[in-house]
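See below for the structure under consideration.
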Amino acid sequence: MVFEMNGIQVRSIRLIIVFLFCFQCRHLIAQTSSGINYAEKVNTLIGSKGKGHGIQERYLEAGYTFPGAMYPFGMVQFTPTFFTEHKGFVVNQLSGAGCEHLGNFPMLPLPGELKASPDSMEHLDPRYQVNKAIAGYYKVKVKEKIDCELTVTKRTGMARISCLPSEKKITVIIGSGINSTKITDAQIRITGPGKCEGYANTGSFCGSPSSLKVYFVAEFDARPTASGTWKGKAFEPSSKSAAGENSGAYFTFDISSGKPVGYKFGISYVSLENAKQNLATENPGWSFDKVKQETAAAWNKYLGKIEVSSGNTEQLTQFYTHLYHSFGHPNVFNDVNGEYTGADHKVHKAERGDYYTSFSNWDTYRTQGQLISILAPKEMSEMVSSQLVFAEQSGGGFARWIMGDTETGIMQGDPTSILVANAYAFGATDFDSKKALEIMRRGAEVPGTKSQNILTRPFLEQYLGKGYMHASMMLEYTSADFAIGRFALEAFKDSTLWRRYLKRAQAWKNLYNPSSGWLQSRNNDGSWKKYDEDWREASYKNYFWMVPYNLDGLITVSGGKAKAEQRLDEFFSQLNASYNQEWFAAGNEPDFQVPWVYNWISVPYKTQETVRRILNEQYSNRDNGLPGNDDLGAMGAWYVFADIGLYPMVPGVGGFSVNSPIFSTINIHLGTGQTLAIRGGDADKKYITSLKLNGRPLDGTWIPWSSIRNGGELAFTLSAVPDKNWGTQAAPPSYDNED
């Protein structure tokens with residue numbers, strides 16, 4: 001039926017509306033298709049291999065990253081692991097952590113029917129052939145016959161498994177009593193055709209045992225022709241359950257139709273019911289492509305926070321891969337209903353936002369914490385709040401290295417105080433700052449303060465009483481003291497507390513031995529220990545520069561700028577030191593800031609050329625392309641800062657030490673809602689000849705965060721020839737007692 005309306009037929013109106021709608025759709029599609037897919041620029045294989053050292057030295061020049069799928073700050077990592085990649089695709093893993101850990105519920109598809117127990121899954125030899133490895137998606141061929149695609153949501157994983165036409169059956173095995181360490185408490189039950197559920201202990205990390213359990217539910221979109229379980233060498237067809245070490249379940253499928261087999265799982269660290277709810281909420285359907293696209297969109301949101309332009313595909317790939325690693329951890333630990341397992345091993349509910357875990361703070365306080373604060377202050381504020389809650393639940397002190405609900409006690413110093421101060425200094429301020437300062441001060445002033453059974457500051461009584469202790473640990477304490485004082489000043493305008501902690505931070509001077517010219521440990525009676533004692537993961541030459549808040553004082557007391565330049569030049573003669581070698585270690589955190597020390601001795605052109613040497617010689621777009629452990633994004637964030645020409649040098653102080661950027665156009669979309677534009681970078685030119693901030697010339701190598709936190713433009717002019725005068729007129733900050 002056609003009606004007349006003022007002489008115009010309704011049919012015509014409908015046609016006009018349809019035409020306009022279609023035009024708008026085409027316009028929107030064109031806009032979407034013209035956008036940059038940053039997820040595609042990521043190569044998740046970077047850092048997934050070492051450089052060929054033996055098993056006893058595999059920590060050397062190994063990235064320890066994983067190539068599979070993860071979600072930004074997600075609970076699930078669906079991937080082969082660095083440690084036991086031959087066992088299949090696991091549900092949890094940390095990027096760049098240097099000790100065996102996690103790797104629970106490995107899944108592996110195998111051709112044909114299963115005839116014998118997979119036992120420990122050690123000898124299955126999957127013979128991976130990687131087809132694609134980008135942010136949120138991993139495709140690999142197994143045993144030259146099976147294509148396995150992986151993707152994730154925040155708390156679930158999904159696989160699509162397909163085979164060559166010649167294959168008629170496949171078997172998918174799921175290890176329950178198996179991970180990258182050793183499991184004794186595990187169980188799996190087959191609950192229906194193509195369905196199973198269970199739990200497993202998470203094992204240990206660097207010798208620290210974990211009582212945390214991961215709960216797991218999984219299902220397939222096809223009905224199996226056979227299923228069963230195994231334990232050890234015992235193969236049990238038709239069995240519905242298995243428990244203990246080296247146990248698991250299997251499902252065999254008829255694939256003669258050519259239809260892929262879908263697999264999905266959900267996990268929780270609270271309960272099986274929560275794992276089921278996570279799966280039902282985040283991935284109720286069976287559209288692999290939909291989940292893959294949504295995860296790519298999530299990654300594009302975060303990776304698009306820094307837009308860079310370059311004609312060099314290799315450099316773009318490396319940049320976005322390292323930015324990707326920076327957003328992998330910490331991890332959301334609460335389920336969709338808000339529940340999580342706390343530091344007291346009880347179930348709690350996140351009160352505001354998400355609750356996070358996986359805090360490698362000794363590593364990440366130097367780079368990654370600042371980067372997340374700048375780009376994602378909401379998430380960083382929630383991460384800080386999570387650590388405040390952990391401290392309160394665990395005894396009152398800050399933890400150093402949290403995995404799950406456990407303070408592992410790994411590494412040294414008081415890094416969480418620095419990380420919290422850094423977060424506040426760079427704009428992540430939406431947390432209980434009063435509570436943060438209380439926890440900081442308790443750990444710094446009260447001997448015996450603990451997180452769980454780990455002291456926040458070992459040897460604190462000696463440090464407070466005598467002003468010296470184990471050298472590398474003490475240098476970490478002095479940086480933490482400086483950061484605590486700075487936090488008191490920035491958050492509360494408490495100049496009295498600032499002065500008190502600033503004075504404490506100068507205790508590094510008690511480690512300076514004038515007869516040797518180096519920082520050294522002392523015995524209880526004040527006598528000097530041997531120059532090479534008490535250095536953690538580094539030598540005395542590496543730790544010498546770890547006074548980033550008072551480099552002027554360090555340089556002056558140890559012989560002046562000329563002497564410092566000589567030492568730095570010798571130090572950078574090589575770039576890949578192991579723990580005990582006396583030159584620069586590009587692959588370990590104690591050395592991260594050292595290339596920028598040249599800015600404090602009036603030879604900034606050497607910072608510019610040294611950073612470029614490190615980028616060009618120690619990093620590459622290869623699976624062994626990292627100089628050391630990624631350490632949950634610490635190294636990734638270092639690379640990002642080095643590429644954009646700004647490095648966060650001083651603990652608790654918002655600001656950057658400058659080097660030359662490598663990209664001609666950089667747009668940083670800050671958490672403040674503003675954009676910082678950086679122009680003039682060049683991968684072939686390393687030396688700065690001029691720098692302008694919003695059109696105003698700068699002749700110094702320090703840029704306060706307050707100058708750029710609301711956006712603006714930094715315009716570099718670079719040259720292939722060093723300008724030895726630029727950047728020498730305005731001194732970068734250094735804080736001594738009288739400041």
Side-chain angles (χ1 to χ4, degrees), residues 361-362 365-366 369-370 398 400 412-425 436-437 439-447 449 456-513 519-522 534 543-558 589-590 592-594 596-597 600 648-655 657 702 731-739:
N361 289 345
W362 182 82
Y365 86 74
R366 306 166 201 268
Q370 297 91 316
F398 272 138
R400 286 192 291 278
Q412 63 181 3
D414 184 9
T416 305
S417 291
I418 308 176
L419 183 136
V420 172
N422 284 341
Y424 193 93
L437 185 58
I439 297 170
M440 287 176 176
R441 293 189 62 186
R442 187 181 303 127
E445 297 175 14
V446 182
T449 299
T456 295
R457 290 200 185 193
F459 307 103
L460 176 60
E461 197 164 4
Q462 179 181 334
Y463 174 58
L464 296 178
K466 295 187 175 182
Y468 56 81
M469 45 171 285
H470 299 304
S472 61
M473 188 183 296
M474 178 173 153
L475 289 170
E476 295 282 357
Y477 287 175
T478 62
S479 278
D481 286 344
F482 177 85
I484 292 169
R486 196 70 191 181
F487 179 71
L489 183 67
E490 296 292 333
F492 301 101
K493 311 303 179 189
D494 190 337
S495 58
T496 301
L497 200 60
W498 156 237
R499 297 286 178 182
R500 186 190 311 167
Y501 272 87
L502 175 61
K503 183 178 180 180
R504 273 182 55 166
Q506 307 309 323
W508 66 267
K509 296 174 183 178
N510 297 333
L511 300 178
Y512 181 71
N513 184 351
L519 303 181
Q520 292 174 226
S521 279
R522 304 178 88 138
D534 297 336
Y543 269 98
F544 180 77
W545 305 103
M546 198 179 289
V547 191
Y549 53 89
N550 190 6
L551 286 168
D552 283 354
L554 176 69
I555 291 161
T556 298
V557 77
S558 59
E589 281 75 12
F592 272 10
Q593 85 285 0
V594 183
W596 286 268
V597 175
W600 270 258
M649 189 78 167
V650 184
V653 175
S657 190
W702 181 260
S734 200
Y735 302 87
D736 214 323
N737 286 332
E738 62 273 13
D739 295 315

_Set of ring-ring contact (aromatic ring centres under 6.0 Å, His included) partners for Phe544, sequence neighbours left out_ = Trp518
*How would you list, by chain and number, every residue that makes a side chain to side chain donor-acceptor pair (under 3.5 Å) with Trp545, sequence neighbours excluded?*
none
*Under the side chain to side chain contact (heavy atoms under 4.5 Å, CB included) rule, collect the residues that match up with Lys503, sequence neighbours excluded.*
Asn737
*For Arg441, enumerate each residue passing the side chain to side chain donor-acceptor pair (under 3.5 Å) test, keeping only those at least two apart in sequence or located in another chain.*
Glu445
*Any residue meeting salt bridge (Lys or Arg N to Asp or Glu O under 4.0 Å) with Arg442, in chain and number order, not counting sequence neighbours*: none
*Sequence neighbours left out, what passes side chain to side chain donor-acceptor pair (under 3.5 Å) with Tyr543? Give chain and number order.*
Gln412
_Checking side chain to side chain contact (heavy atoms under 4.5 Å, CB included) between Tyr735 and each of Leu551, Asn550, Leu502, which is the one that passes?_
Leu502
*asked:* List the residues meeting side chain to side chain donor-acceptor pair (under 3.5 Å) with Trp600, not counting sequence neighbours, and say none if there are none.
replied: none
*asked:* Suppose we screen for ring-ring contact (aromatic ring centres under 6.0 Å, His included). Which residues come up paired with Phe398, at least two apart in sequence or across chains?
replied: none
*How about Trp508 and Tyr468: are their ring centroids closer than 6.0 Å?*
no
*Please collect all salt bridge (Lys or Arg N to Asp or Glu O under 4.0 Å) contacts where either partner lies in residues 469-485, sequence neighbours excluded, each pair once.*
Arg366-Glu476, Arg457-Asp481, Asp481-Arg504
*asked:* Could you work out, with salt bridge (Lys or Arg N to Asp or Glu O under 4.0 Å) as the rule, every residue matching Glu461, not counting sequence neighbours?
replied: none
*asked:* If the condition is salt bridge (Lys or Arg N to Asp or Glu O under 4.0 Å), which residues does Asp552 pass it with, not counting sequence neighbours?
replied: none
_Counterpart residues, ring-ring contact (aromatic ring centres under 6.0 Å, His included), relative to Phe459 (two or more places apart)_ = His470
